[in-house]
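Below is one structure; the comments refer to it alone.
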Protein chains: 2
Amino acid sequence: MKNCVHKHHKKKQELASLTGRLRREARKITSPRAAILEILRHHPHPLTIKEIFAELPKGGCDLATIYRAMQMLEKLGMVKRFDFGDGAARFELVGEGEDGHHHHLICTRCAGVVEIDECFPEEIERRIASVNGFAGVTHRLEFFGVCPGCQK
Amino acid sequence: MKNCVHKHHKKKQELASLTGRLRREARKITSPRAAILEILRHHPHPLTIKEIFAELPKGGCDLATIYRAMQMLEKLGMVKRFDFGDGAARFELVGEGEDGHHHHLICTRCAGVVEIDECFPEEIERRIASVNGFAGVTHRLEFFGVCPGCQK
DNA sequence: CTTAAGTTGCAAACGATTTGCAATTGAAAA
DNA sequence: TTTTCAATTGCAAATCGTTTGCAACTTAAG
Ligand SMILES: [Mn+2]
Ligand SMILES: [Mn+2]
Ligand SMILES: [Zn+2]
Ligand SMILES: [Zn+2]
């Protein structure tokens, strides 16, 4: 088996581990929540609410339930919210203990997504923070371009 | 007079130069448009539609007119649209010939904005593009933190 | 099994942005 | 200048993603 050189090939989290995190936070493991987590853990890229809704088994739950679930999961730090600038929030599972900070490269033609390992250079960010006297500085960063398949 | 070391201290554009650009593009110089440009050219940071609306002289124009004006100005490359992730688009004038690409540092407490000169390192972006076979790659990047005044 | 707090479905409410349309206006043409 | 007409505006209604109130329903305890 070849060695994996991509940091973003994060291992799929066990559903039991996810529900365990929920239980520990005194949250109920409901069927909508289990279904949502099940969908998220099978997807490597951030999903919109509608995408999650679409993947839900027949008779899935209400859209409002997904919105509420994502809010809660975000508050617990179990999912990370991303903004690709198209008006719809996207969510990706975050491994236990991790903060989920990372970036994406998005195809402006087909909306395809690539997980990116690079981050904005720490020392430059530190300089930006100190020069302006800001504390607790982070950043939101996404790349856009045309993927190989979409280049005519 | 001291030398200016901040690239973002861009000079205020003349209203005549702005209307000239409009005229050249076969757009009418209407009173709402002149008022909007006048407001934009007096502000160093991106403004939301509501902020522009609020600064409009009494009996200003309709919100829809501002939305339409910003769409047009953006298409002509006269303003650049920014997204601070709070659901409201922000617009900043772009100098003639420039593309307006730059970033901001936003205070998560008071929403104060600082114009940032730094950009994501070109060679890293180029590497991200080539590694993934993407063409025409750019990025959207904003920094967030707590400004000096808001640090208790 | 009983129970109470936590959750859900559904519909209404929201906030930002867009759009249809009739009335108005800027600026080219006469 | 005055005429003329496409471009533009105001207003209201429509969209879209997201949130919220509330009554009915579950989950996890006890
Ligand atoms: Mn990702
Ligand atoms: Mn700016
Ligand atoms: Zn593509
Ligand atoms: Zn502040």
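The structure presented is a predicted model; accordingly, all values stated were derived computationally and were not measured. Labels below follow one simple rule: chain letters A, B, ... track the order of the sequence lines, proteins then strands, and each chain is numbered from 1.
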Practice problem: May I have the distance from B/Lys75 (atom NZ) to D/dT8 (atom P), rounded to whole angstrom? | Solution: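 About 10 Å, once rounded to whole Å.
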
Quiz item: Taking atom P of D/dT9 as reference, at what distance in whole Å does atom CD1 of B/Ile29 sit?
Solution: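 It works out to 11 Å between those atoms.
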
Self-check item: Per-nucleotide protein contact string for nucleotides 14-19 of chain D, where B marks a base within reach and S marks sugar-phosphate only (heavy atoms under 4.0 Å, - for neither)
Solution: ---SBB

Looking at side-chain heavy atoms only, is the closest gap between [X] and [Y] below 4.5 Å?
X	Y	answer
B/Glu25	B/Arg21	no
A/Glu92	A/Val79	no
B/Met78	B/Leu18	yes
A/Leu73	A/Met70	yes

Quiz prompt | Nucleotide interval of DNA chain C bounded by contacts with chain A (heavy-atom cut-off, under 4.0 Å) | solution =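 Contact span on the strand: C/dA5 to C/dC10.
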
Exercise. Measure the angle between the two terminal helix axes of the helix from C/dC1-D/dG30 to C/dA30-D/dT1, five base pairs each, and quote it to 10°.
Key: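 Both end axes considered, the difference amounts to 30°.
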
Quiz item: Please, which pairs that meet ring-ring contact (aromatic ring centres under 6.0 Å, His included) have at least one residue in residues 39-69 of chain B, sequence neighbours excluded?
Solution: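 Of all non-adjacent pairs touching residues 39-69 of chain B, none passes ring-ring contact (aromatic ring centres under 6.0 Å, His included).
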
Practice problem: Could you note down all residue pairs passing ring-ring contact (aromatic ring centres under 6.0 Å, His included) where residues 71-101 of chain B supplies at least one of them, sequence neighbours left out? | Solution: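 Residue pairs passing ring-ring contact (aromatic ring centres under 6.0 Å, His included), neighbours aside: B/Phe82-B/His102, B/Phe82-B/His104, B/Phe84-B/His104, B/His101-B/His103, B/His101-B/His139.
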
Quiz prompt | Nearest-nucleotide 5' precedence on DNA chain C, B/Lys28 against B/Asp62 | solution =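 Per heavy-atom nearest nucleotide, the more 5' residue is B/Asp62.
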
Quiz item: Quick check: does any side chain N or O of A/Glu125 sit under 3.5 Å from a backbone N or O of A/Glu122, one acting as donor and the other as acceptor?
Solution: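 Pair absent, no side-chain N/O of A/Glu125 close to backbone of A/Glu122.
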
Quiz item: Hey, are A/Glu96 and A/Arg24 close enough for a salt bridge, meaning a charged N less than 4.0 Å from a carboxylate O?
Solution: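 A salt bridge links A/Glu96 with A/Arg24.
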
Quiz item: Using a cut-off of less than 4.0 Å, is there contact between a side-chain N or O of B/Thr65 and OP1 or OP2 of D/dG10?
Solution: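 Yes, B/Thr65 has a side-chain N/O under 4.0 Å of OP1/OP2 on D/dG10.
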
Quiz item: Less than 6.0 Å separating the ring centroids of B/Phe143 and A/Phe134?
Solution: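 Judged by ring-centre distance (under 6.0 Å), B/Phe143 and A/Phe134 do not meet the cut-off.
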
Quiz item: Do any pairs count as a side-chain hydrogen bond (donor to acceptor under 3.5 Å, both in side chains) and have a residue in residues 78-90 of chain A, sequence neighbours left out, and if so which ones?
Solution: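 Found A/Glu74-A/Arg81, A/Asp86-A/Arg90.
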
